[in-house]
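Below is one structure, written out as structure tokens, with a few remarks after it.
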2 protein chains.
Amino acid sequence: MGDESTPASMKALARNGRRSGPPAAATILDVARRAGVSTATVSRALAAPDKVAEETRARVIAAIAATGYTPNASARNLRARSTQIVLALLPGISNTFFAPILNAIEDTLSAAGYGMIIGDTRHSLQKEAHYTRFILAGQVDGVILFTGQIPRDGDVASASGRVPIALVCNEIVGERRYSVFDVDNRAAAARATTHLIAAGHRHLGHVAGDARNIEAVERMKGFRLALKRAGIPPDEAAIWEGGFRYEDGVAAATRFLALRERPTAIFASADHAAIGFIRTVRDAGIRIPEDVSIVGFDDIDYASVIDPPLTTMRQPRASLGRLAAEDLLQRMGRDAVDVPPIRERLRCDLIERETVGPVATARSVRRPAKLQREGSGAARGGVT
Amino acid sequence: MGDESTPASMKALARNGRRSGPPAAATILDVARRAGVSTATVSRALAAPDKVAEETRARVIAAIAATGYTPNASARNLRARSTQIVLALLPGISNTFFAPILNAIEDTLSAAGYGMIIGDTRHSLQKEAHYTRFILAGQVDGVILFTGQIPRDGDVASASGRVPIALVCNEIVGERRYSVFDVDNRAAAARATTHLIAAGHRHLGHVAGDARNIEAVERMKGFRLALKRAGIPPDEAAIWEGGFRYEDGVAAATRFLALRERPTAIFASADHAAIGFIRTVRDAGIRIPEDVSIVGFDDIDYASVIDPPLTTMRQPRASLGRLAAEDLLQRMGRDAVDVPPIRERLRCDLIERETVGPVATARSVRRPAKLQREGSGAARGGVT
DNA sequence: GCGGGCGGTGTAATCGATTGCATCGAGGTC
DNA sequence: GACCTCGATGCAATCGATTACACCGCCCGC
């Protein structure tokens with residue numbers, strides 16, 4: 001510590017001397033010198049405390065406190081080839097649907113010492129490409145995708161093989177390198193539709209999602225399947241493609257209102273769209289559920305808040321998030337190189353609230369034979 | 001390129017040979033060898049194309065394409081001491097209030113070549129500490145904070161000085177190292193309250209936020225200020241502290257309903273709380289705005305969706321986000337070391353919808369003299 | 001004909017941590 | 001007492017890029 005102290009301090013001066021910027025952060029070398037040990041010992045004192053003598057470790061800890069040292073993540077990541085961070089890639093944070101899934105992911109990951117950061121692509125391929133570079137550059141150890149659609153050039157798919165990827169509520173057709181966690185959209189949509197049919201409805205409409213979205217397609221298939229089972233021909237004029245957003249529900253409602261022969265019940269492929277639909281038709285004087293019944297999908301927070309509270313298929317969002325995170329943890333582990341991707345499909349639950357009732361008597365419909373429920377009164381309840 | 005090719009390939013084998021994991025990513029050295037140049041030239045071909053001969057650059061580009069090379073971010077960050085990434089730290093992504101702000105931030109940053117990632121602290125000091133380490137470890141070049149409250153040990157404040165920090169819709173008292181972008185909460189709250197007074201109300205309640213939140217405190221002050229100006233004594237039994245969330249509005253409504261002498265108008269410190277309040281009192285048979293008028297704060301998306309559409313103070317969220325991002329860009333620039341933090345306070349706009357009406361005639365109130373509006377009919381409109 | 005400038009490129013130091021291997025002393029064993 | 005073991009520590013290579021500096025032709029001007 002004798003003669004090299006001068007060049008060392010000059011170096012520190014050189015770092016801090018230029019301009020009046022903030023003082024340079026302490027490095028592991030600063031800590032080592034102050035504790036009178038080598039950098040290797042400092043590193044070990046932090047990473048493997050039992051390999052360092054009690055007394056030495058105390059000195060290191062003290063030196064760290066005195067210098068305010070924080071390990072430089074870039075250096076560590078470079079050497080260790082891992083970041084202990086997972087990126088969750090969303091198509092839009094304004095969609096509250098994702099929040100409970102993300103919470104579950106974060107809880108699961110942080111319990112294992114991993115961190116989670118969120119990226120928002122806002123449905124933009126360009127922004128997605130930006131995050132793809134981020135992933136390929138080794139900035140994260142794993143990815144959870146909510147955005148996958150059809151494989152495209154330069155999309156996140158190109159990162160497969162480098163880091164493990166899990167898809168949640170989504171699927172990329174023809175891609176076997178991801179784990180997939182979703183619900184059985186077709187079966188759930190069929191159940192929702194059947195619920196309307198059971199209430200006596202024979203003329204049904206569908207607020208469909210984007211045809212490029214695999215989930216939207218599956219829900220549409222489930223809708224048609226339920227109709228077919230009940231022997232009801234679909235009314236193509238009452239099937240409106242668009243998307244899962246509020247505005248898409250508004251657009252569908254506009255087309256609904258323009259219809260000469262309106263359906264008496266609607267299955268909406270997403271709650272946001274269902275709410276946009278309800279809001280719009282009510283402004284036009286249509287009563288829910290007296291004039292039109294409606295079932296949504298997702299059970300977002302506002303489903304129970306709007307008026308009337310929305311009957312909907314609930315997705316087990318927390319479970320989806322937890323499973324995806326656990327899968328990623330397994331496949332990110334340094335000893336687990338050959339853990340194959342898995343696929344899990346969870347069940348949805350129908351949450352009955354107040355938007356489904358019997359067919360309005362005013363309409364010219366044959367009185368439904370198998371109607372058991374008593375209408376909005378009985379449909380009341382569900383969850384809070 | 002003669003005799004060292006053997007050790008090089010052995011090295012590559014060593015990297016790829018262990019286990020059956022994914023092939024190691026190509027490094028700049030792989031590209032350099034394939035293009036027959038040095039790593040310096042490859043680096044320059046990417047970072048400073050005009051410093052490299054046209055023909056050489058073409059060879060490098062081809063080599064990059066052939067190898068599938070992506071620069072390792074950790075190495076670059078380590079050397080360049082910057083990441084070109086900004087972290088936005090939220091108390092909870094389930095709160096849709098933040099979405100438009102974040103979008104504006106992302107747009108502004110990405111136009112300047114920066115990326116944005118989101119961290120969610122969920123009001124947990126422990127999770128915040130996790131992100132603090134992330135920041136101190138040099139993983140980001142700047143931070144936008146939505147979470148700051150009272151300075152605490154180990155919170156993000158300890159990162160000040162290392163990286164520039166901007167606060168949005170928040171403030172940390174006694175902290176001068178941040179830029180702050182918010183609205184004049186006190187003035188806006190006073191205007192909202194005055195709007196109710198102008199409609200004839202003389203008995204006002206307040207759904208207040210968390211007393212530890214500076215914004216909530218300011219809004220409460222504005223509420224009281226407006227009352228004082230109008231010569232109305234505050235009814236302390238009708239001021240309910242809680243928070244900005246839906247549940248807090250529900251809790252306030254419960255206490256409102258228990259009141260013997262209920263106020264005829266409510267100023268809620270946040271839309272989410274206002275909506276919880278409305279939903280709850282309506283279930284108890286109270287009509288809005290006939291029995292109770294209410295003004296919210298924020299103008300979140302659902303403010304116009306709920307029934308009846310909520311009259312509220314709109315915060316200029318996109319502007320706040322844009323300004324914060326621009327400020328950060330200035331202070332992150334390598335040549336801008338001494339750019340001081342700034343403070344901007346923006347104006348809110350009152351958005352009149354349908355939750356404010358005149359005082360119910362049934363109540364024993366002196367007929368308001370200066371009431372001009374005709375009630376819910378005239379209050380209709382506002383924005384979509 | 002020679003020096004200077006300049007465009008293009010390579011060499012090697014550097015960023016800050018981790019970690020395999022060497023070293024060293026203390027204590028135990030035969 | 002020589003040798004071995006083992007815990008504690010240091011030395012130095014390493015991760016993959018960036019970049020200051022040196023170098024080499026080539027062209028130009030005087």
Side-chain angles (χ1 to χ4, degrees), chain A residues 1 4 7-8 11-12 14-15 18 24-33 35-60 64 67 69-84 133 136-139 162 334, chain B residues 1 4 7-8 11-12 14-15 18 24-33 35-60 64 67 69-84 133 136-139 162 334:
Chain A
M1 213 207 247
E4 79 272 27
K11 187 172 161 190
R15 271 190 299 168
R18 53 166 192 202
T27 72
I28 198 170
L29 189 59
D30 299 326
V31 175
R33 268 203 276 264
V37 297
S38 72
T39 62
T41 301
V42 175
S43 180
R44 279 190 284 257
L46 291 171
D50 51 328
K51 287 192 170 185
V52 175
E54 183 80 16
E55 192 265 347
T56 310
R57 194 161 63 87
R59 277 216 319 284
V60 170
I64 287 174
T67 54
Y69 167 71
T70 317
N72 179 302
S74 296
R76 183 213 295 274
N77 297 345
L78 175 59
R79 182 65 225 249
R81 301 164 165 283
S82 91
T83 60
Q84 302 286 101
R133 252 177 290 133
L136 288 170
Q139 301 263 66
R162 292 272 183 99
R334 116 185 321 266
Chain B
M1 210 209 245
E4 79 271 27
K11 188 173 161 191
R15 271 189 299 169
R18 53 167 191 202
T27 71
I28 199 171
L29 189 59
D30 300 325
V31 175
R33 268 204 275 265
V37 298
S38 73
T39 62
T41 301
V42 175
S43 180
R44 278 190 286 255
L46 291 171
D50 51 328
K51 288 194 170 184
V52 178
E54 184 80 16
E55 193 264 347
T56 311
R57 194 161 63 88
R59 280 216 316 286
V60 170
I64 288 174
T67 53
Y69 167 71
T70 316
N72 180 302
S74 296
R76 183 212 295 273
N77 297 345
L78 174 59
R79 182 64 225 250
R81 300 164 167 284
S82 91
T83 60
Q84 303 286 101
R133 251 177 290 135
L136 288 171
Q139 300 264 66
R162 292 271 183 99
R334 116 186 320 267

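Heavy atoms only: backbone and side chains are in, while hydrogens, waters and symmetry mates are out. Throughout, a chain's letter reflects where its sequence line sits, starting with A, and its residues are numbered from 1.
Atom CD of B/Glu54 and atom P of C/dG7 are 16 Å apart (whole Å). Distance B/Leu78 CG to D/dC15 P: 14 Å, rounded to the nearest Å. Atom-to-atom, NZ of A/Lys51 to C1' of C/dT19 comes out at 9 Å; the value is rounded to the nearest Å. As rounded to whole Å, 19 Å separates atom P of C/dC15 from atom CD of B/Gln139. Summarising the geometry, the separation between CG on B/Asp50 and P on C/dT9 is reported as 13 Å, rounded to the nearest angstrom. In this entry the distance linking CD1 of B/Ile28 with P of C/dG10 reads 12 Å, nearest Å. Atom CG in A/Asn72 sits about 10 Å away from atom P in C/dT18, given to the nearest Å. Between B/Gln84 atom CD and D/dA17 atom C1' there is a gap of 15 Å when expressed in whole angstrom units.
Of all nucleotides listed (C/dA12, C/dA17, D/dA17), D/dA17 comes nearest to the side chain of B/Ala75. Which of D/dT9, D/dT19, C/dG8 sits closest to the side chain of B/Arg79 comes down to D/dT19.
Contact annotation: B/Thr27 side-chain N/O to D/dG16 OP1/OP2 distance is not under 4.0 Å. Taking 4.0 angstrom as the limit, A/Thr56 places none of its side-chain polar atoms (N or O) nearer than this to OP1 or OP2 of D/dA8. Distances shorter than 4.0 Å separate some side-chain N or O of B/Arg81 from OP1 or OP2 on C/dG16. Between A/Tyr69 and C/dA17, a side-chain N or O to OP1/OP2 separation shorter than 4.0 Å is present. Residue B/Ser43 has a polar side-chain atom (N or O) positioned under 4.0 Å from OP1 or OP2 of D/dT18.
Judged purely by atom type and a 3.5 angstrom limit, A/Arg59 uses its side chain to pair as donor or acceptor with the backbone of A/Ala35. The backbone N or O of B/Gln139 sits less than 3.5 Å from a side-chain atom of B/Thr83, completing a donor-acceptor pair.
Position along DNA chain D of the nearest nucleotide to B/Ala47 versus A/Ala53 favours A/Ala53 as the more 5'-ward residue.
Inter-residue side-chain proximity for B/Ser82 and B/Gln84 is flagged as met; some heavy-atom pair is nearer than 4.5 Å. For the pair A/Asn72 and A/Thr27, the minimum side-chain heavy-atom distance is 4.5 Å or more.
No engagement by A/Ser74 is indicated, since no non-hydrogen atom pair under 4.0 Å with the nucleic acid exists. Using a 4.0 Å heavy-atom distance criterion, A/Val42 is classed as making no nucleic acid contact. Counting any heavy atom pair closer than 4.0 Å across all strands shown, A/Ala40 reaches a base atom.
Closest approach of B/Arg57 and B/Ala45 over heavy atoms only: CD-O, 3.9 Å.
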Determine whether A/Val37 and A/Val60 satisfy the following criterion, side-chain contact (heavy atoms from CB on, under 4.5 Å), listing intermediate values before the conclusion.
CA-CA 8 Å; A/Val37 297; A/Val60 170; 4.2 Å; yes
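If you run side-chain contact (heavy atoms from CB on, under 4.5 Å) between B/Thr41 and each of B/Leu46, B/Thr56, B/Ile28, only B/Thr56 comes through. Exactly one residue among B/Val31, B/Leu29, B/Asp30 makes a side-chain contact (heavy atoms from CB on, under 4.5 Å) with B/Tyr69. That residue is B/Val31.
End-to-end axis angle of the helix from C/dG1-D/dC30 to C/dC30-D/dG1, using five pairs per end and rounding to 10°, comes to 60°.
Put simply, the side chain of A/Arg44 and the base of D/dG10 share a donor and an acceptor less than 3.5 Å apart. A donor and an acceptor atom never sit less than 3.5 Å apart when one is taken from the side chain of A/Arg76 and the other from the base of C/dT18.
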